[in-house]
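When a ligand or atom number is given, it counts from 1 through the structure's own listing order. Every value quoted in this text rests on a predicted model; they were computed, and no experiment measured them. Below, each value reflects all heavy atoms present in this structure, side chains not excepted, and no hydrogens, waters or symmetry copies.
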Amino acid sequence: MKFSHSQRLGSVLALFSLVLVFCDVLRVRALDNGLARTPTMGWLHWERFMCNLDCQEEPDSCISEQLFMQMADLMVSDGWKDVGYNYVCIDDCWMAPERDSKGRLQADPQRFPGGIQRLANYVHSKGLKLGIYADVGNKTCAGFPGSFGYYDIDAKTFADWGVDLLKFDGCYCDSINLLAKGYKHMSLALNKTGRSIVYSCEWPLYMWPLHQPNYKKIRQYCNHWRNFADIYDSWESIKQILAWTASNQDRIVNVAGPGGWNDPDMLVIGNFGLSWDQQVTQMALWAIMAAPLIMSNDLRQISPQAKALLQNKDVIAINQDPLGKQGYRLRKEKEVEVWERPLSNIAWAIALRNLKEIGGPLSYTTSLVSLGKGVACSPGCFITQLLPIKKDHGFYGWTSSFKTQINPTGTVLLKLEAISPN
Ligand code: GLA
């Protein structure tokens with residue numbers, strides 16, 4: 001039997017669509033709200049400003065509309081928005097202690113005199129988006145009204161105000177069952193509003209250590225999810241997050257992808273607790289982990305060095321890579337950890353992390369075949385160092401080695417771009 005050219009083309013196309021459908025079935029389904037196709041980027045008040053309610057004594061650092069308006073202004077004027085940080089997010093402690101007569105949450109009238117709606121309008125007028133915080137249980141972690149029993153009302157209130165992201169905490173929830181029901185209920189309630197609202201969960205964090213989270217399920221309801229304890233402005237905290245992530249990577253890495261991400265918590269770069277090399281490590285590893293890049297710092301007072309690191313376009317591009325695959329720890333040696341992440345266009349990001357906290361820069365050599373499943377540098381590759389400073393290392397053959405120096409607690413972040421074989 002003979003096929004015409006168009007029949008043959010038709011069959012090829014049909015086969016191609018079948019393969020696509022099959023691949024789609026194999027992918028872990030994500031929350032279908034079209035959001036967070038790459039990790040969310042923005043600013044959140046918690047780590048830096050916590051629950052400061054004292055606007056008399058500390059007008060510049062209390063949780064008030066002024067704080068968020070100032071951050072929004074700076075996100076535009078200081079180039080943050082241009083490189084992708086576009087969500088200005090409120091954490092705990094924005095609420096009045098009671099709901100209103102109709103059962104709706106309300107902002108504290110002294111600290112947010114224009115209410116959340118006016119703040120949302122302001123943030124939107126700057127081309128940015130507004131995030132808010134609530135809790136699945138009876139109270140927020142800081143003791144403000146929880147959403148338990150009010151999920152639909154709260155979702156509608158947030159949508160009416162023009163909110164674009166909800167961080168939904170898990171304090172004061174009476175059982176693991178109610179926790180799951182609550183997180184699912186709020187996800188559906190947000191979807192029902194018809195407004196695009198990124199849904200940032202802490203569901204798995206509140207399940208550990210007694211219960212194993214079902215990440216496939218969580219991904220169907222949340223755009224990102226916290227797995228581990230709150231970040232602090234300290235090296236110890238960064239190390240714990242990285243250690244947890246590496247030791248649980250078999251469970252969590254494959255679940256991440258466009259629409260749903262593991263959230264190792266805020267970037268604390270630009271604060272007080274991390275040395276320069278430790279800040280480089282946070283930025284490099286958050287890029288490898290495809291983590292939401294949500295800063296918690298004071299954009300009014302940030303060093304040029306920290307700002308340049310947070311605004312590093314090459315590193316942001318790794319974090320936001322459209323392939324959307326989370327990286328992992330490839331190997332742990334006595335003094336060095338090697339992490340890698342596959343990128344689009346047959347490229348790889350490689351992070352070489354010096355675990356030593358004593359001495360000077362460590363010389364480290366790695367064979368290139370050991371990286372990127374043997375193909376990152378096959379048959380050869382161009383190597384660009386992105387952190388701590390940008391440096392073009394040029395061409396390397398498949399069988400060669402790469403040698404560098406890594407500062408104590410620091411990381412060298414590389415991009416390997418394989419040359420095509422023909
Ligand atoms: C929990 C969360 C933090 C922060 C606080 C606010 O601890 O994990 O990220 O939102 O609550 O009270």
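A heavy-atom separation below 4.0 Å is found between K167 and ligand 1. For the pair R226 and ligand 1, a heavy-atom separation below 4.0 Å is found.
The part of D169 lying near ligand 1 is the side chain, judged by heavy-atom distances below 4.0 Å.
Looking from atom 12 (O) of ligand 1 to the surrounding protein, the closest heavy atom is D92 OD2, 2.7 Å. Of all protein heavy atoms, the one lying nearest to atom 5 (C) of ligand 1 is W46 CE2, 3.7 Å. For atom 7 (O) of ligand 1, the nearest protein heavy atom (residue, atom name, distance) is D230 OD2, 2.6 Å.
In this model, no donor atom of one side chain and acceptor atom of the other lie less than 3.5 Å apart for N271 and N297. For the 3.5 Å distance criterion, the side chains of S147 and D154 qualify, holding a donor opposite an acceptor.
Taking the side chain to side chain contact (heavy atoms under 4.5 Å, CB included) definition, one finds that S187 meets it with L31, Y199, Y221, sequence neighbours left out.
Of all the atoms in ligand 1, the ones that sit under 4.0 Å from a non-hydrogen atom of D91 are 4 (C), 6 (C), 10 (O). Taking every non-hydrogen atom of C141 and a distance limit under 4.0 Å, the qualifying atoms of ligand 1 come out as 1 (C), 11 (O), 12 (O). The atoms of ligand 1 that sit less than 4.0 Å from any heavy atom of Y133 are 6 (C), 10 (O), 11 (O), 12 (O).
Here the closest non-hydrogen pair linking L274 and I238 is CD2-CG1, 3.9 Å.
Heavy-atom neighbours of D32 CG from other residues, nucleotides or ligands within 6.0 Å: at or below the threshold of 12. Within a 6.0 Å radius of NZ in K156, no more than 12 heavy atoms belonging to other residues, nucleotides or ligands are found.
Ring geometry for W208 versus Y215: interplanar angle of 30 to 60°, hence tilted. Relative orientation of the W94 and W161 rings is perpendicular, given thresholds of 30° and 60° on the angle between their planes.
Between E202 and ligand 1, a contact under 3.5 Å exists for at least one N or O pair. Taking any N or O of D265, backbone or side chain, none lies under 3.5 Å from an N or O belonging to ligand 1.
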